[in-house]
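Keep in mind it's a predicted model, so treat the numbers as computed, not measured.
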Amino acid sequence: MTVRTRFAPSPTGYLHIGGVRTALFNWLFARQRGGQFILRIDDTDVARNVDEALEPILSGLKWLGIDWDEGPGVGGPHAPYFQSQRADRHRAAVDTLLASGHAYRDFATTAELDEERKAAQAAGKPFLYSRAFAAFTEADVARFTAEGRQSVVRLKMPRESALVIDDAVRGRVEFAWEREQDHVIQRADGSCLYHLASVVDDHDLEITHVIRAEEHLSNTPRQAFIALSLGYELPAYAHLPLVAEPGSRTKLSKRKLAQYLKNPDFKQVAEHGTRIAERIGLTADAETFNPVIVDFYREVGYLPWAIDNYLALLGWSYDDKTEFFSRDELVSHFTLERINSSPASFDPKKLWAVQDHYMHGLSVDEKLAFMLPFLVKAKLVADPVPPEAAATVRRVIEASGDRLKVGGDILAYADFFLVDEPALDDAAVKQRLAKPGVRDLVAKYAAALQTVDPFEPAPLEESLKRVVEEAGVKVGDLVHAIRVAVTGKTVGPGLYDCLAILGRNRSLARIEKALPLCG
RNA sequence: GGCCCUGUCGUCUAGGGGCCUAGGACACUGGCCUUUCACGCCGGUAACACGGGUUCGAAUCCCGUCAGGGUCACCA
């Protein structure tokens with residue numbers, strides 16, 4: 001049997017980090033088993049702007065390398081892959097259920113239902129609909145209709161015995177049927193509800209394994225009932241542990257951003273990203289740009305595989321040591337059996353560390369290709385990129401080493417090479433330049449710089465050390481001052497690299513300009 | 001509240017009766033390296049929720065308690 005899994009997002013306008021984890025696990029399992037991964041859009045009820053709301057989801061998945069065998073953009077033998085376009089299949093299923101007595105038309109009003117619910121609550125009993133307004137015969141229908149009532153279709157759930165499922169993650173789970181409500185599957189206007197649609201679509205698309213988040217575990221009985229009543233074979237279920245808030249076990253949600261920002265790690269990652277976004281002219285609205293949403297990472301310059309690798313470890317592990325996997329390794333190692341069953345909280349710092357690891361592995365040329373677009377977006381280099389600019393950036397990347405953690409970091413490390421007059425950080429000036437004796441020292445090194453040849457790191461270091469020695473001060477005293485004079489900041493690549501990249505003339509010009517600020 | 005799920009360092013996890021004085025990673029932290037920052041290297045702090053069983057032996061099995069979470073829509 002060919003394994004077929006699916007990810008069925010609804011077009012909400014953004015791709016949630018928890019959703020990606022679910023998509024990834026479905027994808028990994030399908031790939032591992034040589035099966036198919038299907039993308040279906042559950043757009044029931046979201047009528048407007050589907051295209052617009054879908055785009056971030058599709059592009060996000062593509063960016064992460066989660067490719068689908070059937071679905072939007074690629075089509076497939078079971079088209080359409082939009083739930084809203086399969087409404088006739090859903091209605092047909094409802095009719096079948098009605099005909100077989102597994103569902104009934106219900107004419108109760110909301111008020112009447114509420115009353116029953118309240119009564120049950122008052123009596124301290126779990127609510128179970130009395131079916132007082134259920135129409136089981138044509139006569140019932142005629143009578144209720146005559147009263148001016150409208151009907152919905154409800155499931156006629158069993159009221160004895162139990163459903164047992166063998167969940168791939170949780171093992172045996174049992175649900176007493178009598179605890180299940182007679183859920184509505186079709187509205188008065190004839191449109192169908194999610195659970196019905198989902199079960200019918202999964203069957204039509206020949207989905208063999210339903211891998212989804214734990215929040216759906218309690219929905220399983222009603223879905224199983226629909227499937228069984230329709231004569232379908234039940235898919236295998238795997239309910240993944242929830243992706244929880246940082247440092248908590250509560251489900252991660254986009255809505256509670258303000259709260260997450262109180263977490264120092266989360267805040268740090270969010271602010272770092274926002275800084276980059278601002279420089280590339282992105283409107284960093286927290287609603288659409290934050291560490292819970294995948295686009296955040298793409299814009300800031302994370303590597304897609306770093307996200308995948310990190311997310312794979314959220315609820316799954318291979319052994320007691322291995323943390324980094326190539327794409328092929330992950331695919332071949334992935335099994336449902338090794339999925340954990342307890343919630344896993346999202347740790348942006350750990351993601352950061354994984355990102356650091358993969359960035360580390362990139363060659364200078366790969367980094368250059370990856371980072372140049374950020375400089376273009378920030379208008380620090382022209383488009384198309386002039387060869388000299390690319391050469392400069394290449395040297396900056398080389399000199400920056402492991403300091404560049406995400407693509408957008410190039411902005412902070414390359415800007416002072418690319419602008420004519422870098423802004424001088426006030427605090428840096430105060431700390432490193434405005435001290436007594438600095439001016440004299442800096443002037444001496446400037447003089448030495450006139451004759452350093454070649455103007456490369458090693459000779460530059462030699463001459464600086466000579467100046468320092470003659471003056472009888474510490475190396476740091478001069479280095480820090482020159483760094484601020486030349487770059488405007490206290491942090492950056494090695495100073496001698498900075499000077500060499502800048503060249504003699506620009507270095508001297510900047511030092512001269514900074515001289516009046518020295519103490 | 002009913003039903004269901006879950007409980008190992010702050011976090012992700014390994015472990016599934018003796019290999020556990022509980023291992024790895026992130027974070028934190030001490031030190032080294034060093035012109036800043038980062039990297040790297042060496043070290044440290046830190047966990048089996050609790051209580052009963054079963055057993056020669058329990059983090060591992062059973063029961064209970066407690067705690068956390070999910071879900072209970074004419075949302076998906």
- When you look at A:K444 and A:D440, which way does the salt bridge (Lys or Arg N to Asp or Glu O under 4.0 Å) test go after all the steps? CA-CA 6 Å; A:K444 274 189 186 137; A:D440 192 37; 3.5 Å; yes
State which of [options] makes the closest approach to the side chain of [X].
X: A:R170; options: B:C5, B:A76, B:C12; result: B:C5
X: A:Y496; options: B:G2, B:C74, B:U35; result: B:U35
X: A:L314; options: B:G2, B:C12, B:G15; result: B:C12
X: A:S317; options: B:A14, B:C12, B:C28; result: B:A14

Strictly below 4.0 Å, N to O, side chains only: are [X] and [Y] in salt-bridge contact?
X: A:E174; Y: A:R172; result: yes
X: A:R131; Y: A:E112; result: no
X: A:R154; Y: A:D106; result: yes
X: A:D201; Y: A:R89; result: no
X: A:R86; Y: A:D204; result: yes
X: A:D356; Y: A:K405; result: yes
X: A:R21; Y: A:D308; result: no

So does [X] get a side-chain nitrogen or oxygen closer than 4.0 Å to the phosphate oxygens (OP1/OP2) of [N]?
X: A:S191; N: B:C74; value: no
X: A:N340; N: B:A14; value: yes
X: A:R117; N: B:G1; value: no

Watson-Crick or G-U wobble mate for [N], both contacts under 3.5 Å:
N: B:A14; answer: none
N: B:G51; answer: B:C63
N: B:G2; answer: B:U71
N: B:C28; answer: B:G44

Could you tell me how far [M] sits from [N] if I compare only their [atom1] atoms? Round to whole Å.
N: B:G10; M: B:A46; atom1: C1'; answer: 9 Å
N: B:G2; M: B:C12; atom1: C1'; answer: 33 Å
N: B:C42; M: B:A58; atom1: C1'; answer: 36 Å
N: B:A76; M: B:G70; atom1: C1'; answer: 16 Å
N: B:C66; M: B:G51; atom1: C1'; answer: 10 Å
N: B:C61; M: B:G43; atom1: C1'; answer: 39 Å
N: B:C28; M: B:A67; atom1: P; answer: 33 Å

Set out, line by line, the N/O atom pairs under 3.5 Å between protein and nucleotides 59-70 of chain B.
none

- Item | Polar contact flag, side-chain donor to acceptor under 3.5 angstrom, A:D409-A:H272 |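 There is such a pair between these side chains.
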- Do A:E214 and A:H239 have side-chain atoms, one donor and one acceptor, less than 3.5 Å apart?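 There is no such pair between these side chains.
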- Going 5' to 3' through nucleotides 36-46 of chain B, assign each nucleotide B (protein heavy atom under 4.0 Å from a base atom), S (under 4.0 Å only from sugar-phosphate atoms) or - (no protein heavy atom that close). BBSS-------
Sugar-phosphate, base or nothing in reach of [X], heavy atoms under 4.0 Å:
X: A:V152; result: base
X: A:R212; result: nothing
X: A:E461; result: nothing
X: A:V354; result: nothing

- Task: Tell me which residues in residues 154-165 of chain A put a heavy atom below 4.0 Å from RNA chain B, sorted by number, or none.
- Result: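 Heavy-atom contacts with RNA chain B come from no residue of residues 154-165 of chain A; none.
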How many whole angstroms separate atom [atom1] of [X] from atom [atom2] of [N]?
X: A:Y129; N: B:C72; atom1: OH; atom2: P; result: 20 Å
X: A:Q223; N: B:U71; atom1: CD; atom2: P; result: 14 Å
X: A:D43; N: B:A76; atom1: CG; atom2: C1'; result: 11 Å
X: A:R172; N: B:C5; atom1: CZ; atom2: P; result: 10 Å
X: A:D308; N: B:C12; atom1: CG; atom2: P; result: 20 Å
X: A:R222; N: B:G2; atom1: CZ; atom2: C1'; result: 15 Å
X: A:K349; N: B:C9; atom1: NZ; atom2: P; result: 20 Å

- Message: For A:F144 and A:F107, I'd like to know if the aromatic rings sit close, meaning centre-to-centre distance below 6.0 Å.
- Response: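 Ring-ring flag for A:F144/A:F107: true, centres closer than 6.0 Å.
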- Query: Would the A:W316 and A:F334 ring centres measure less than 6.0 Å apart?
  - Reply: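 Ring centres of A:F334 and A:W316 closer than 6.0 Å.
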- Item | Test log, rule salt bridge (Lys or Arg N to Asp or Glu O under 4.0 Å), inputs A:R395 and A:E456 | CA-CA 12 Å; A:R395 291 192 72 181; A:E456 291 299 329; 3.5 Å; yes
- Item | First of A:C192 and A:G315 reached from the 5' end of RNA chain B, by closest nucleotide |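 Here A:G315 is the residue nearer the 5' end.
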- Task: Find which nucleotide of RNA chain B each of A:S342 and A:Q181 is nearest to by heavy atoms, and output the residue with the more 5' nucleotide.
- Result: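 On the 5' side of the pair lies A:S342.
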- Item | Side-chain-base donor-acceptor pair under 3.5 Å for A:H195 and B:A76 |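 Donor-acceptor pair under 3.5 Å: yes.
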- Message: Tell me every residue that passes salt bridge (Lys or Arg N to Asp or Glu O under 4.0 Å) with A:D477, counting only those two or more places apart in sequence or in another chain.
- Response: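 Salt bridge (Lys or Arg N to Asp or Glu O under 4.0 Å) check on A:D477 returns nothing, list empty.
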- Item | Counterpart residues, salt bridge (Lys or Arg N to Asp or Glu O under 4.0 Å), relative to A:K465 (two or more places apart) |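 For A:K465, the residues satisfying salt bridge (Lys or Arg N to Asp or Glu O under 4.0 Å) (neighbours in sequence not counted) are A:E461.
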- Task: Determine, for A:Y14 and A:K254, whether the Lys NZ or Arg CZ falls below 6.0 Å from the six-membered ring centre while staying within 45 degrees of the axis.
- Result: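 Judged by the rule, A:K254 and A:Y14 form a cation-pi pair.
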- Decide whether a cation-pi geometry holds between A:R117 and A:F127; the criteria are a distance under 6.0 Å from NZ or CZ to the six-membered ring centre and an angle within 45° of the ring axis.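 Output yes; distance and angle both within limits.
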Nucleotides 22-24 of chain B: which of its N/O atoms have a protein N/O under 3.5 Å away?
residue	atom	partner	partner atom	Å
B:G23	N2	A:D320	O	3.3

